[in-house]
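Both counts, for ligands and for their atoms, begin at 1 and track the order of listing. Heads up: numbering here begins at 1 and tracks the sequence. Remember, predicted model here, so these are calculated numbers, not experimental data.
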Amino acid sequence: MEKITSLAKRRGFVYQSSEIYGGQNGAWDYGPLGIELKNRLAQAWWKEMTQLNDDIVGLDAAILMHPRTWEASGHVENFTDPLVDCKKCKSRFRSDHIPEENIAAKKCPDCGGELTDVRKFNLMFTTHIGAAEDTASLIYLRPETAQGIFVNYKNVIQSSRMKIPFGIAQIGKAFRNEIVTRNFIFRTCEFEQMEMQFFVKPGTDEEWYEEWKRRRWAYYEKLGLKMDHFRWRQHGVDERSHYAKDAWDIEYLFPMGWRELEGIHNRSDYDLSRHSEYSGKDMQYIDQESGESAARYIPFIVETSAGLTRNLLMTLCDAYDEEKVADKGNEDDIRTVMRFHPVIAPVTVAVLPLMRKDGLAELAQDIRKELKEDFAADYDQAGAIGRRYRRQDEAGTPFCVTIDYESKENNSVTLRFRDSMEQIRVPRAELSERLRKEIKEYKRVK
Ligand code: ATP
């Protein structure tokens with residue numbers, strides 16, 4: 001993890017928030033490469049969910065919601081973590097994250113000092129809206145994006161004529177006052193989620209649940225990730241959220257061990273029933289197609305809930321590779337290479353003139369201008385060509401296009417592949433088409 005954190009900072013993926021003031025715990029900033037990676041991960045998910053599914057539409061709900069939302073959702077009452085403090089070293093722990101023996105003996109796992117009793121701690125951030133800081137103006141920062149979907153479900157049916165089964169997808173910020181933020185961007189107080197709520201007829205929920213588990217696994221396979229670093233884990237009855245009828249996590253083998261990447265939940269009719277009760281609005285679906293007497297029911301909801309920023313950490317860990325390369329006779333030369341799938345790589349293609357002189361830089365700029373319309377194309381003319389390749393390897397750029405003297409003569413370029421370091425000659429006129437083909441047919445080898 002240290003290597004990844006250091007590369008992330010050095011290459012501009014992730015910086016500490018407010019670093020010049022010593023950093024802000026639980027918050028991180030995404031640099032030039034980081035924001036590109038984050039956007040591409042979001043786009044890949046969005047495409048998978050909305051573009052490739054006729055029965056899923058998108059939504060972007062506000063972060064600030066009516067406070068009753070969080071009473072109805074159960075978050076005011078139940079969204080708590082069990083907290084203990086060490087009286088001696090002042091460390092703070094989630095009691096469900098340290099060994100039971102320590103809790104039983106009230107013994108700090110770090111220094112052996114005495115632990116306090118376990119107490120409940122609500123994870124929602126509160127603030128006030130308007131000038132008066134009284135309880136009437138109390139408002140929460142949303143701890144999940146899902147509630148924005150539930151409260152809009154009738155609007156979506158009415159405005160876009162969706163019929164059950166159908167889904168609503170959303171990507172957005174969420175906030176949790178996490179007791180312990182550790183492991184870089186894995187668990188942060190401000191993060192982004194990619195959530196999809198699928199509304200189904202009661203009784204068909206278990207079938208749809210299995211279907212969504214299958215689809216979410218297939219999604220990660222499609223991104224060319226190391227699938228032996230993925231596994232399923234079912235939540236035990238006592239660890240399930242207050243709304244869940246069934247809950248499975250897709251876990252990823254991070255450097256600190258297996259951890260949750262995404263949760264697939266059968267939320268039953270809990271959320272819509274509660275919103276119906278708290279708002280006084282009828283949340284039933286009227287099934288027009290069920291014969292003469294139209295059936296009414298509160299739909300069940302199958303949810304897929306993934307962290308976008310946690311997915312970003314996963315892709316950094318998954319892509320990171322160090323490879324021994326024999327370079328200029330130096331047998332022990334190591335190159336660091338980020339093996340991102342071209343669909344998510346921050347830069348898709350880098351255009352590099354072999355020399356700055358003799359019109360090569362101008363020709364390279366011209367080619368880059370052409371590629372920019374369709375690809376995230378970078379340009380680099382600084383330093384020896386070998387070093388420039390290494391810089392692009394570290395940024396995870398899957399393709400480099402090198403312009404040399406031959407390019408001037410016959411309008412061809414060198415196309416270099418990040419993974420194999422293989423180089424081939426391609427006519428300039430065929431370059432875009434070739435890149436598109438390589439992206440589409442990309443297969444990860446290492
Ligand atoms: P945990 O039990 O680890 O606190 P959770 O089970 O409460 O997490 P969910 O509510 O299911 O998490 O959230 C769905 C997804 O949102 C998670 O799989 C994760 O990817 C992401 N996520 C949740 N909390 C955080 C956080 N504090 N920082 C970054 N991502 C988060």
Side-chain angles (χ1 to χ4, degrees), residues 14 17 24-30 34 38 41-42 45 70 73-75 78-83 92-98 120-125 141-150 169-197 212-213 216-217 219-220 225 230-254 256-267 270-271 301-318:
V14 185
S17 159
Q24 174 55 50
N25 204 10
W28 297 85
D29 298 341
Y30 293 83
K38 186 147 72 74
L41 285 168
W45 185 88
W70 305 109
S73 70
H75 282 79
N78 296 315
F79 198 54
T80 54
D81 274 346
L83 161 82
R92 180 158 281 185
F93 306 95
R94 256 173 75 167
S95 65
D96 57 336
H97 283 180
I98 59 175
K120 279 185 170 183
F121 174 75
N122 196 297
L123 298 178
M124 281 198 293
F125 281 104
L141 297 188
R142 68 178 178 198
E144 62 174 25
T145 60
Q147 299 301 324
I149 292 180
F150 303 139
Q170 176 168 226
I171 300 178
K173 292 233 168 176
F175 302 83
R176 296 181 187 179
N177 198 357
E178 298 281 1
I179 298 168
V180 182
T181 55
R182 233 180 248 156
N183 297 317
F184 194 28
I185 56 170
F186 177 80
R187 186 183 298 286
T188 52
C189 293
E190 175 176 347
F191 57 100
E192 278 174 79
Q193 288 187 313
M194 308 185 285
E195 295 199 299
M196 193 283 300
Q197 314 291 325
W212 275 107
K213 277 173 63 189
R216 292 308 300 153
W217 187 268
Y219 170 77
Y220 290 111
L225 300 158
F230 284 73
R231 73 174 188 195
W232 284 108
R233 191 181 74 85
Q234 186 175 26
H235 284 209
V237 180
D238 52 343
E239 95 186 272
R240 273 181 215 157
S241 300
H242 53 276
Y243 52 73
K245 178 174 159 190
D246 197 1
W248 286 76
D249 291 341
I250 293 181
E251 291 191 333
Y252 183 79
L253 185 54
F254 287 94
M256 65 280 187
W258 290 99
R259 295 284 191 286
E260 171 177 347
L261 178 68
E262 164 162 356
I264 324 279
H265 310 127
N266 182 341
R267 294 183 77 128
Y270 176 84
D271 303 274
I301 290 167
V302 174
E303 163 185 76
T304 70
S305 176
L308 170 55
T309 41
R310 196 172 283 182
N311 258 263
L312 190 145
L313 178 62
M314 177 274 287
T315 51
L316 287 177
C317 298
D318 201 83

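- Remark: ligand 1 and T309 share no N or O pair separated by less than 3.5 Å (distance only, no angle test).
- Closest to atom 15 (C) of ligand 1, if we only count protein heavy atoms, is S305 O, 3.7 Å.
- Taking the ring axis of F186 as reference, the NZ or CZ atom of R182 does not stay both within 45° of it and closer than 6.0 Å to the ring centre.
- Put simply, NZ on K245 and CZ on R267 are 14.5 Å apart, with the number rounded to the nearest 0.5 Å.
- With sequence neighbours excluded, the residues satisfying side chain to side chain contact (heavy atoms under 4.5 Å, CB included) with A174 are F191, Q193.
- The salt bridge (Lys or Arg N to Asp or Glu O under 4.0 Å) check on R92 picks up D85, with sequence neighbours excluded.
- Atom 21 (C) of ligand 1 has G307 CA, 3.7 Å as its closest protein atom, hydrogens excluded (heavy atom only).
- Given atom 11 (O) of ligand 1, the protein heavy atom at minimum distance is E260 OE2, 3.4 Å.
- A side-chain donor-acceptor contact under 3.5 Å links E303 and Q197.
- For atom 9 (P) of ligand 1, the candidate residues are R94, R176, E195, E178; the nearest heavy-atom contact is made by R176.
- Applying the 4.0 Å criterion to heavy atoms of E262 picks out, from ligand 1, the atoms 18 (O).
- Under a 4.0 Å criterion applied to the non-hydrogen atoms of H265, ligand 1 contributes the atoms 11 (O).
- Distances between N or O atoms of F191 and those of ligand 1 include no value under 3.5 Å.
- For ligand 1, the atoms lying closer than 4.0 Å to a non-hydrogen atom of F186 are 28 (N), 29 (C), 30 (N).
- Expressed to the nearest 0.5 Å, how far CG of D81 lies from NE2 of H97 amounts to 7.0 Å.
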Q: Verify side-chain contact (heavy atoms from CB on, under 4.5 Å) between L261 and Y220, making sure each step is shown before the conclusion.
A: CA-CA 11 Å; L261 178 68; Y220 290 111; 3.7 Å; yes
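- Atom 28 (N) of ligand 1 has as its closest protein heavy atom T188 N, 3.0 Å.
- Looking from atom 19 (C) of ligand 1 to the surrounding protein, the closest heavy atom is R310 NH1, 3.5 Å.
- Just one of R240, R231, R233 meets the salt bridge (charged side-chain N to carboxylate O under 4.0 Å, His left out) condition when paired with D249; it is R233.
- With a 4.0 Å heavy-atom cut-off, ligand 1 is reached by the backbone of L261 but not by any atom from C-beta on.
- Of the protein's non-hydrogen atoms, the one nearest atom 1 (P) of ligand 1 is R187 NH1, 3.6 Å.
- Remark: distances from the non-hydrogen atoms of Q193 to ligand 1 include one below 4.0 Å.
- Checked for salt-bridge contact, E195 and R142 miss the test: no charged N lies under 4.0 Å from a carboxylate O.
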